Amino acid sequence: RKGTAVITGASSGLGLATAKALAETGKWHVIMACRNFLKAEKAARSVGMSKEDYTVMHLDLASLESVRQFVDNFRRTEQPLDVLVCNAAVYQPTAKEPSFTAEGFELSVGTNHLGHFLLSRLLLDDLQKSDYPSKRMIIVGSITGNTNTLAGNVPPKANLGDLRGLASGLSGQNSSMIDGGEFDGAKAYKDSKVCNMLTMQELHRRYHEETGVTFASLYPGCIATTGLFREHIPLFRLLFPPFQKYITKGYVSEEEAGKRLAQVVSDPNLGKSGVYWSWNNNSSSFENQLSKEASDAEKAKKLWEVSEKLVGLA
Ligand code: NDP
């Protein structure tokens, strides 16, 4: 049978390119878990996906209620779940003030981390039930959260501190950052990506042996053309792609990045659990090192426990 892969945020950028790459193999049915039906449907058509290769289902990660609803709706379709890709993200580098999810969490961490945290915890049961030979859960990471890299050292740097802001609910105008510091949209995104990478490793430690599920994260390269940078100032949007292409040489096209993520979904050579995958300049994959904070097992455990409380699992 075909594998079934759920991809969050498959309506643009990396998620869409991955959905396309998987559909093209003829071996996958993709559930495009998106907040905007019309956009998702239009996007699938625009890249030439055929109707039998995908289903659009509603998921708004900025609402925990919507996450639970999505899980119920998915279960009602009675399809197996073979791979979950947590890909969606928001990035608000120029925001002066925090904005908030339906439950009142700062939007970047609320969407990118807490929404996916609840989704992955609930769907782990479904993954476990699947009889697919290689079941995988992938949470897209980023170099920008990794302070052991050049890109990760561009200020403001990711830093979760002692998680005091998160523990207090990320809900106030003055307590919207995980470390309890002042709101900074670019940092909130980077922090959320560190959470994604810590969560993947904690899932691996807690559940890999028991469930046989492969947990992985990745940095697909700098996909400088995606919607992620939509809120950035126009000059940045103009100069960022050529800067990445010719200066840092970290640039990848959406198509190439989609192929990379599709490898993490289905390539037998990338089946190892607990790995943060990256690709070198000739596009071969390797197991990359995470920064000290993004691989801190103590912090991962604490993040897990605090997040469980916030999403209502503990
Ligand atoms: P895009 O902005 O193109 O795609 C983000 C996707 O997330 C969109 O489909 C968007 O939906 C969706 N999304 C946002 N908020 C929600 C929500 N509340 N509920 C459901 N879906 C939501 O960005 P990219 O493709 O670049 O980003 C994809 C992933 O890649 C992210 O995890 C990002 O951190 C990561 N990444 C990107 C890099 C890059 O250089 N671009 C580098 C490293 C990692 P909609 O279409 O409705 O807006």
Side-chain angles (χ1 to χ4, degrees), residues 6-20 31-44 46-47 56-67 69-70 85-93 99-103 105-116 118-119 138-146 149 151-152 158 186 188-197 199-200 217-232 236-237 240-241 243-245 248 250-258 260-261 264 276-279 288:
V6 168
I7 305 179
T8 68
S11 50
S12 78
L14 178 60
L16 178 61
T18 306
K20 177 177 187 265
I31 309 278
M32 300 172 70
C34 297
R35 61 178 168 178
N36 182 337
F37 273 122
L38 294 181
K39 183 174 175 188
E41 184 61 41
K42 206 166 155 191
S46 76
V47 296
V56 177
M57 285 182 67
H58 187 255
L59 168 65
D60 187 342
L61 288 155
S63 153
L64 298 178
E65 184 52 40
S66 170
V67 171
Q69 198 80 56
F70 170 81
V85 182
C86 298
N87 160 77
V90 280
Y91 176 46
Q92 302 186 297
S99 38
F100 299 95
T101 66
E103 286 78 16
F105 306 123
E106 184 282 317
L107 191 70
S108 327
V109 174
T111 306
N112 308 355
H113 168 57
L114 291 171
H116 279 135
L118 179 62
L119 183 72
I138 299 152
I139 308 181
V140 177
S142 179
I143 200 171
T144 54
N146 271 312
T149 64
Y189 169 79
K190 294 179 187 180
D191 290 349
S192 76
K193 290 280 115 186
V194 173
C195 293
N196 287 154
M197 295 181 278
T199 302
M200 178 280 287
S217 186
L218 70 152
Y219 173 62
C222 182
I223 331 161
T225 51
T226 71
L228 198 66
F229 307 101
R230 63 171 82 79
E231 291 185 26
H232 227 302
F236 177 90
R237 282 187 272 132
F240 191 52
F243 174 73
Q244 290 294 345
K245 242 181 227 167
T248 70
Y251 175 89
V252 281
S253 65
E254 294 181 27
E255 191 182 8
E256 172 61 21
R260 291 178 178 182
L261 179 46
V264 186
Y276 166 66
W277 296 103
S278 296
W279 285 258
N288 205 348

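First listed ligand is number 1; within each ligand, the first listed atom is number 1. Hydrogens, waters and symmetry mates play no part in the numbers below; they use all other heavy atoms, side chains included. These figures come from a predicted structure and were not determined experimentally. In this chain, residues are counted from 1 in sequence order.
- Among protein heavy atoms, the minimum distance from atom 1 (P) of ligand 1 is reached at Ser12 OG, 3.4 Å.
- Closest heavy-atom approach to atom 38 (C) of ligand 1 within the set Ile223, Thr111, Asn112: this belongs to Ile223.
- Checking Thr8, Leu14, Thr18, Leu16 against atom 25 (O) of ligand 1, the nearest heavy atom belongs to Leu14.
- By the 30° and 60° cut-offs, the orientation of the rings of Phe229 relative to Tyr91 is perpendicular.
- Taking every non-hydrogen atom of Arg230 and a distance limit under 4.0 Å, the qualifying atoms of ligand 1 come out as 2 (O), 48 (O).
- Nearest protein neighbour of atom 36 (N) of ligand 1, counting heavy atoms only, is Tyr189 OH, 4.0 Å.
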Give every donor-acceptor pair under 3.5 Å between a side-chain atom in residues 106-115 and any protein atom, sequence neighbours left out.
residue, atom, partner, partner atom, Å
Glu106, OE1, Ser108, N, 3.3
Glu106, OE1, Val109, N, 3.0
Glu106, OE2, Ser108, N, 2.9
Glu106, OE2, Ser108, OG, 3.0
Thr111, OG1, Leu107, O, 2.7
Asn112, OD1, Val90, N, 2.9
Asn112, ND2, Val90, O, 3.1
Asn112, ND2, Ser108, O, 3.4
Asn112, ND2, Ser192, OG, 3.0
His113, NE2, Ser307, OG, 2.8

(request) Give the intermediate values and the outcome of side chain to side chain contact (heavy atoms under 4.5 Å, CB included) for residues His232 and Phe240. (result) CA-CA 10 Å; His232 227 302; Phe240 191 52; over 6 Å; no
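- Listed by number with element, the atoms of ligand 1 under 4.0 angstrom from any heavy atom of Lys39 are 45 (P), 46 (O), 48 (O).
- Remark: ligand 1 atoms within the under-4.0 Å shell around heavy atoms of Ala62 are 18 (N).
- Near Cys222, meaning under 4.0 Å from one of its heavy atoms, ligand 1 places the atoms 40 (O).
- Contacts between Leu59 and ligand 1 below 4.0 angstrom, taking non-hydrogen atoms only, involve the backbone exclusively.
- When the heavy-atom distances from atom 23 (O) of ligand 1 to Leu261, Ile7, Leu61, Leu228 are ranked, the shortest goes to Leu228.
- The backbone N or O of Ala88 sits less than 3.5 Å from a side-chain atom of Thr8, completing a donor-acceptor pair.
- The atoms of ligand 1 that sit less than 4.0 Å from any heavy atom of Lys193 are 31 (C), 32 (O), 33 (C), 34 (O).
- Between Phe229 and ligand 1 there is a heavy-atom distance shorter than 4.0 Å.
- Taking each of Lys190, Gln244, Glu231, Arg35 in turn, the one with a heavy atom nearest to atom 47 (O) of ligand 1 proves to be Arg35.
- Of all atoms in ligand 1, listed by their number and element, those nearer than 4.0 Å to a heavy atom of Tyr219 are 42 (C), 43 (C).
- A heavy-atom separation below 4.0 Å is not found between Ala43 and ligand 1.
- When non-hydrogen atoms are compared, ligand 1 lies under 4.0 Å from neither the backbone nor the side chain of Glu254.
- Note: an N/O pair closer than 3.5 Å links Gly9 and ligand 1 by distance alone.
- Counting atoms of ligand 1 from 1 in the listed order, those under 4.0 Å from a heavy atom of Gly13 are 3 (O), 25 (O).
- Remark: ligand 1 atoms within the under-4.0 Å shell around heavy atoms of Val90 are 14 (C), 15 (N).
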